[in-house]
Amino acid sequence: MASRFNALKADAHWQQVWDERRTFAADDHSAKPKTYVLEMFPYPSGKIHMGHVRNYTMGDVLARYRRMTGHEVLHPMGWDAFGMPAENAAMEKGVHPGNWTRSNIATMKAQLKRLGFALDWTRELATCEPNYYGHEQALFLAFYEAGLVYRKESAVNWDPVDMTVLANEQVIDGRGWRSGALVEKRKLSQWFLKITQFADELIEGLGSLEHWPDKVRLMQENWIGRSQGLRFRFALSDGGSVEVFTTRPDTIYGASFVAVAADHPIAQALAAQNSEAAAFIERCKQGGTTAAELETQEKLGFDTGLTASHPLGAGELPVYIANFVLMEYGTGAVFGVPAHDQRDFEFATKYDLPIRRVVADGERTDPAFDDDAAYTGPGVLVNSCELDGMSVEDAKRSVIARAQEAGWGEGTTVYRLRDWGVSRQRYWGTPIPIIHCAACGEVPVPSAQLPVVLPEDVSFDVPGNPLDRHPTWKHVACPTCGGEALRDTDTLDTFADSSWYFIRFASAPGDKPFDQAVAESWLPVGQYIGGVEHAILHLLYARFWTRALRHVGLLDVAEPFTGLFTQGMVTHETYRLDIPDHDGPPAALWVNPADLSVGEGGALSFMTEAGASIPVIRGRVEKMSKSKKNTVDPEPIVDQYGADAVRWFMLSDSPPERDLEWSENGIEGAWRFVQRLWRLVDADRDTGENRDAALDRKLHQTIAGIATDIEALSFNKAVAKLYELTSAVEKAPASASRAEAIDTLIRLVAPMVPHLAEEAWAARGETGLVADAAWPAVDPAMLVEDEVTIAVQVNGKLRDTLMMPKGAPKDTTEAAALASEKVARLLDGKPPRKVIVVPDRLVNIVA
RNA sequence: GCGGACGUGGCGGAAUCGGUAGACGCUGGAGACUUAAAAUCUUCUGCCCAUGGCGUGCGGGUUCGAGUCCCGCCGUCCGCACCA
């Protein structure tokens with residue numbers, strides 16, 4: 001008689017066995033083919049959430065499956081442990097960021113272990129420990145020596161709430177990505193990594209990443225934003241000059257003005273003498289930066305009174321300061337061609353500047369332009385002297401060639417991508433290993449003095465950077481002259497920490513960041529899994545860091561992650577208190593699902609502490625978040641249903657790239673299936689001697705299908721096939737085939753429900769662990785059916801089906817179809833006009 | 001505005017090359033077992049004017065045959081955004 005599967009007992013037992021035997025420790029010296037499966041490591045914020053569970057379950061199934069197919073699998077885990085929340089906790093609760101972080105790590109590690117992930121914990125790392133960030137400092141200095149790091153006074157994005165600098169990538173709609181505060185511009189001396197030096201490579205490399213989502217490749221390409229064009233100087237009427245960049249050199253004869261950015265040196269110089277100009281510049285800076293504001297914002301200009309000489313002798317153009325020109329892109333100055341650029345068109349219309357057609361719009365070649373929008377399409381050049389008659393593309397090439405010959409301009413490539421500003425005015429990060437000496441300037445910390453360790457005794461009672469106000473830490477002797485000097489008190493952007501952790505997982509010697517040969521034996525990561533929110537920031541920085549390491553000769557890997565999968569979020573219904581005249585903050589109305597009471601007819605309510613019952617409205621299904629209070633804590637769920645049921649639910653139903661809606665029904669269903677599986681594998685087996693050909697075929701088709709599905713990360717399809725096989729086995733009468741199918745089924749489900757699989761494997765008297773077992777072999781002969789169902793259509797509509805032996809000749813199939821009673825009735829004695837036979841599939845009779 | 005993805009029953013979703021639409025799961029109905037309930041098992045479950053007809057967002061097209069290909073719309077979601 002089958003027993004009930006005691007998940008809690010089995011979970012604990014097998015997790016201990018895997019631990020003791022170090023089952024999932026990866027062997028650097030293995031002779032097996034090596035595979036690296038990695039999920040994005042978590043920030044230790046406190047507890048794991050459902051998103052982690054889903055992410056790590058997917059990676060785990062793949063890792064376990066790869067082990068079964070004979071690979072040496074590296075599947076490590078660690079902690080992205082530096083960052084703002086630890087400092088916020090320090091400020092709010094008075095705990096040290098280090099204690100807060102390490103205690104969170106301990107909690108979350110226990111939670112991950114509770115889910116039975118096949119992780120190599122011997123390689124665990126935390127970026128906040130000196131044995132990690134010290135090596136990062138060494139890499140930073142290697143980049144410094146190679147000229148990939150520089151310091152520059154620049155206008156930076158300053159987050160007034162977090163009191164730190166943000167990279168461009170971290171500014172979203174003009175607000176800090178974390179604090180949501182409006183970002184200000186400040187001038188600060190900052191360290192930069194030369195990511196732009198690799199801009200072309202980073203674009204070209206995308207082409208080789210076939211196993212990345214197209215969407216992510218496109219996002220990176222757009223982010224790098226390469227444009228080719230012409231850069232040239234206009235001579236100005238005051239004897240100076242202004243350099244502009246254009247991607248449309250072909251339209252040069254259509255230019256009617258020059259515009260510079262508000263913070264362009266020419267504008268600044270003018271503002272110093274002219275209060276009207278200064279006022280205009282001030283006004284430009286006030287403009288909002290959100291989508292809606294930019295959409296409706298009027299083009300504004302200020303006439304400097306200067307004129308610029310057209311390089312091809314087409315007259316003098318007025319020079320404006322304009323609010324739509326960005327100092328950060330190109331040269332911070334443009335020439336305006338109103339007929340063929342929408343912004344220039346709006347500007348020229350407002351300030352009554354000439355609008356002259358230079359690209360024919362179909363038949364229209366007249367220089368006078370009277371449309372109400374710029375023409376930006378292709379065409380033939382007109383009203384452009386020697387360019388007349390050329391295509392836009394030919395004219396571009398011609399103008400660039402001519403400019404280069406005559407020496408007044410050159411063909412250039414411009415990028416949207418900026419160098420990566422990495423200085424952060426924070427405590428909880430990797431100290432930048434540079435010393436500032438009044439006599440010697442910037443001096444790198446000698447390698448013998450690494451790591452530069454964060455001081456423990458810091459205070460968070462006032463905002464700002466605790467490192468900077470620490471009484472002693474920053475005071476050091478200059479390594480070069482021995483005089484009094486100061487440490488750089490900034491720390492590195494935490495994205496630096498996550499830019500190379502996957503290399504340290506592969507190789508973590510004590511005396512250097514990694515051993516090149518060992519690291520290269522594992523890298524690149526064959527399958528990387530994480531959220532799409534990292535499509536630009538983290539993935540671009542890691543690709544850059546890998547290239548920078550190659551540049552300095554430390555690692556010869558082209559791309560860090562050859563396979564990328566971006567999984568969907570875990571969502572849940574939201575619940576809101578039904579209080580119509582509520583006048584407090586709307587956030588206060590959200591209710592956590594765990595706090596709901598279900599009344600008659602499914603009506604929801606919330607019981608207050610005072611015992612009052614408030615009705616609750618169901619809201620939209622949204623990503624689980626603290627603010628909407630629609631989170632479900634995985635921990636009690638795992639304790640209630642066991643790790644396998646939770647894992648199974650995470651893989652069921654939704655395709656992994658789409659969102660998964662958490663539901664009580666869903667987890668209950670998963671739990672039922674785990675029990676059902678157990679009843680099947682645990683039941684007495686009447687082996688018998690007879691074979692069951694249909695079941696054999698079903699089994700082998702399932703083995704092959706699941707392998708394909710897991711490799712494609714289509715877990716929901718693999719789950720469906722396992723349901724089918726389970727039903728088929730349950731219904732099959734006792735036979736040798738059935739007993740064999742049950743044994744095989746244990747291995748097929750092992751990557752997904754490993755605890756149950758181990759328990760069943762042991763109960764069957766198998767030696768060793770199912771985790772170490774081989775994936776069942778497929779007999780290709782079994783994949784082929786010997787009988788097939790043929791669809792019989794009349795005029796493309798299904799009317800009947802026939803059973804035919806596989807490979808039946810066309811004429812036999814056709815005859816059988818025409819013999820069908822239903823077909824005969826529809827044909828009504830008339831001969832068919834045409835009959836199409838697709839062997840082993842269908843017959844279509846055209847009446 | 002630019003770029004991209006998607007749209008299939010009450011719900012999540014299958015349909016791998018243009019060839020039987022709705023696999024599998026959830027929900028729901030009916031039944032068995034039980035004193036009863038839970039659990040479990042069996043069975044049904046796209047819609048309708050039902051020997052048939054209609055059905056994959058809408059309108060066209062190609063084809064013997066379209067969820068799948070082409071053209072034009074509509075809707076939802078995502079990314080970027082005054083990028084010269």
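On a predicted model such as this, the values are computed, not experimentally measured, just so you know. Letters go in sequence order (proteins before strands), and every chain restarts at 1.
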Discussion item. Is there a side-chain contact between A:Phe5 and A:Arg679 in this structure, where contact means two heavy atoms from C-beta onward sitting under 4.5 Å apart?
Written reply: no
Practice prompt. Give one of base, sugar-phosphate or nothing for A:Arg799, where a contact means two heavy atoms less than 4.0 Å apart.
Written response: sugar-phosphate
Discussion item. Regarding B:A84, can its base be found pairing with the side chain of A:Arg343 as donor and acceptor, where the two atoms are less than 3.5 Å apart?
Written reply: yes
Discussion item. Side-chain N or O of A:Arg248 versus OP1/OP2 of B:C83: is the shortest distance under 4.0 Å?
Written reply: no
Every protein N/O lying under 3.5 Å from an N/O of nucleotides 21-26 of chain B:
unit_1 : atom_1 : unit_2   : atom_2 : d
B:A23  : O2'    : A:Glu724 : OE2    : 3.3
B:C26  : OP1    : A:Arg672 : NH2    : 3.2

Discussion item. How many whole angstroms separate atom CG of A:Leu300 from atom P of B:C82?
Written reply: 15 Å
Fill in: Side-chain N or O of A:Arg416 closer than 4.0 Å to phosphate OP1/OP2 of B:A81
yes
Worksheet item: Can B:G9 be described as syn, meaning its chi torsion is within 90° of 0, or is it anti?
Response: syn
Fill in: Side-chain N,O (A:Arg418) to OP1/OP2 (B:C83) below 4.0 Å
no
Worksheet entry | Atom-to-atom span, CZ of A:Arg217 to C1' of B:C80 - whole angstrom | 18 Å
Short N/O separations, protein against nucleotides 9-11 of chain B, under 3.5 angstrom:
none

Item to complete: Go through B:G52, B:U20, B:A81 for me and flag the one nearest to the A:Ala791 side chain.
Response: B:U20
Discussion item. I need the minimum non-hydrogen distance between A:Leu756 and A:Val674, along with the two atoms involved.
Written reply: CD1-O, 3.4 Å
Worksheet item: Is it the case that A:Arg416 places NZ or CZ above or below the six-membered ring of A:Trp223, under 6.0 angstrom from the centre and within 45 degrees of the axis?
Response: yes
So which protein nitrogen or oxygen atoms get under 3.5 Å of nucleotides 75-79 of chain B's nitrogens or oxygens?
unit_1 : atom_1 : unit_2   : atom_2 : d
B:C78  : O2'    : A:Lys215 : NZ     : 2.9

Worksheet item: Any side-chain heavy atom of A:Leu218 within less than 4.5 Å of one from A:Trp212?
Response: no
Worksheet entry | Whole-Å P distance, B:G3 and B:C54 | 40 Å
Show me the protein contacts with nucleotides 54-57 of chain B, counting only N or O atoms at under 3.5 Å.
none

Practice prompt. Measure centre to centre between the rings of A:Phe649 and A:Trp671, then say whether the value is under 6.0 Å.
Written response: no
Worksheet item: Rounded to whole angstrom units, what separation is found between the CG atom of A:Asp659 and the C1' atom of B:G13?
Response: 14 Å
Worksheet item: What's the closest nucleotide to the A:Trp223 side chain, out of B:G19, B:C41, B:C80?
Response: B:C80
Fill in: Rounded C1' spacing from B:C44 to B:U76 in Å
34 Å
Worksheet item: Taking the six-membered ring where the residue is Trp, are the ring centres of A:Phe232 and A:Phe335 under 6.0 Å apart?
Response: yes
Discussion item. Could you tell me how far B:U45 sits from B:G25 if I compare only their P atoms? Round to whole Å.
Written reply: 14 Å
Worksheet item: Touch check for A:Thr789, heavy atoms < 4.0 angstrom, all strands: base, sugar-phosphate only, or nothing?
Response: base
Every protein N/O lying under 3.5 Å from an N/O of nucleotides 42-48 of chain B:
none

Practice prompt. On RNA chain B, check which nucleotide each of A:Asp344 and A:Leu660 is closest to and give me the residue with the more 5' one.
Written response: A:Leu660
Discussion item. Whole angstroms only, please: what is the CG-C1' distance between A:Leu842 and B:U63?
Written reply: 14 Å
Item to complete: Name the residue closer to the 5' end of RNA chain B, choosing between A:Pro655 and A:Leu218 according to the nucleotide with the nearest heavy atom.
Response: A:Leu218
Worksheet item: When you check the gap from the basic side-chain N to the acidic O, do A:Arg418 and A:Glu328 get nearer than 4.0 Å?
Response: no
Item to complete: For residues 647-660 of chain A, pull every pair meeting salt bridge (charged side-chain N to carboxylate O under 4.0 Å, His left out), keeping only residues two or more places apart or in separate chains.
Response: A:Asp60-A:Arg647
Worksheet entry | Lys/Arg N to Asp/Glu carboxylate O, A:Arg248 vs A:Asp341, below 4.0 Å | no
Item to complete: Round to the nearest Å and state the distance from A:Glu668 atom CD to B:G12 atom P.
Response: 21 Å
Discussion item. If the cut-off is 4.0 Å, is A:Arg833 near the phosphate of B:C64, judged by side-chain N/O to OP1 or OP2?
Written reply: no
Discussion item. In this structure, how many angstroms lie between the P atom of B:G3 and the CG atom of A:Leu206, rounded?
Written reply: 19 Å
Worksheet item: Base, sugar-phosphate, or nothing for A:Val838, non-hydrogen atoms under 4.0 angstrom?
Response: base
Practice prompt. Kindly indicate whether the side chain of A:Leu713, heavy atoms from C-beta on, has any atom under 4.5 Å from the side chain of A:Met58.
Written response: no
Practice prompt. Would you mind reading off the distance between A:Asn844 atom CG and B:A66 atom C1', rounded to a whole angstrom?
Written response: 13 Å
Discussion item. Is it the case that the side chain of A:Arg543 and the backbone of A:Leu202 share a donor-acceptor pair, with hydrogens and angles ignored and the cut-off at 3.5 Å?
Written reply: yes
Worksheet item: Under a 4.0 Å heavy-atom cut-off, which of residues 320-327 of chain A touch RNA chain B?
Response: A:Asn323, A:Phe324, A:Val325, A:Leu326
Practice prompt. Sorted by first residue and then second, give each ring-ring contact (aromatic ring centres under 6.0 Å, His included) pair with at least one member in residues 702-727 of chain A; sequence neighbours left out.
Written response: A:Trp648-A:Tyr723, A:Phe673-A:Tyr723
Worksheet item: Between A:Tyr320 and A:Phe347, does the ring centroid distance fall short of 6.0 Å?
Response: yes
Fill in: All salt bridge (Lys or Arg N to Asp or Glu O under 4.0 Å) counterparts of A:Glu724, not counting sequence neighbours
A:Lys698
Item to complete: Tell me yes or no: between the side chains of A:Arg841 and A:Thr813, is some donor less than 3.5 Å from an acceptor?
Response: no
Discussion item. Could you check whether any side-chain heavy atom of A:Arg799 comes within less than 4.5 Å of a side-chain heavy atom of A:Ser820, counting everything from C-beta outward?
Written reply: no
Worksheet item: Can you name the one residue among A:Leu539, A:Val532, A:Leu209 that meets side chain to side chain contact (heavy atoms under 4.5 Å, CB included) with A:Leu564?
Response: A:Leu539
Item to complete: Decide whether A:Thr196 and A:Asp419 meet the rule of one side-chain donor and one side-chain acceptor closer than 3.5 Å.
Response: yes
Practice prompt. Go through the structure and list residues passing salt bridge (Lys or Arg N to Asp or Glu O under 4.0 Å) with A:Glu210, not counting sequence neighbours.
Written response: none
Worksheet item: Any ion pair linking A:Arg343 and A:Glu346 (charged N to carboxylate O, less than 4.0 Å)?
Response: no
Worksheet item: In chain order, what residues pass the salt bridge (Lys or Arg N to Asp or Glu O under 4.0 Å) check against A:Arg697, with sequence neighbours excluded?
Response: A:Glu785, A:Asp786
Worksheet item: Tell me: CD of A:Glu573 to P of B:U27, nearest whole Å?
Response: 15 Å
Discussion item. If a pair means Watson-Crick or G-U wobble with both distances below 3.5 Å, what does RNA chain B look like in dot-bracket form, with | marking bases paired to a different strand?
Written reply: (((((((..(((......[....))).(((((.......))))).(((...)))..(((((..]....))))))))))))....
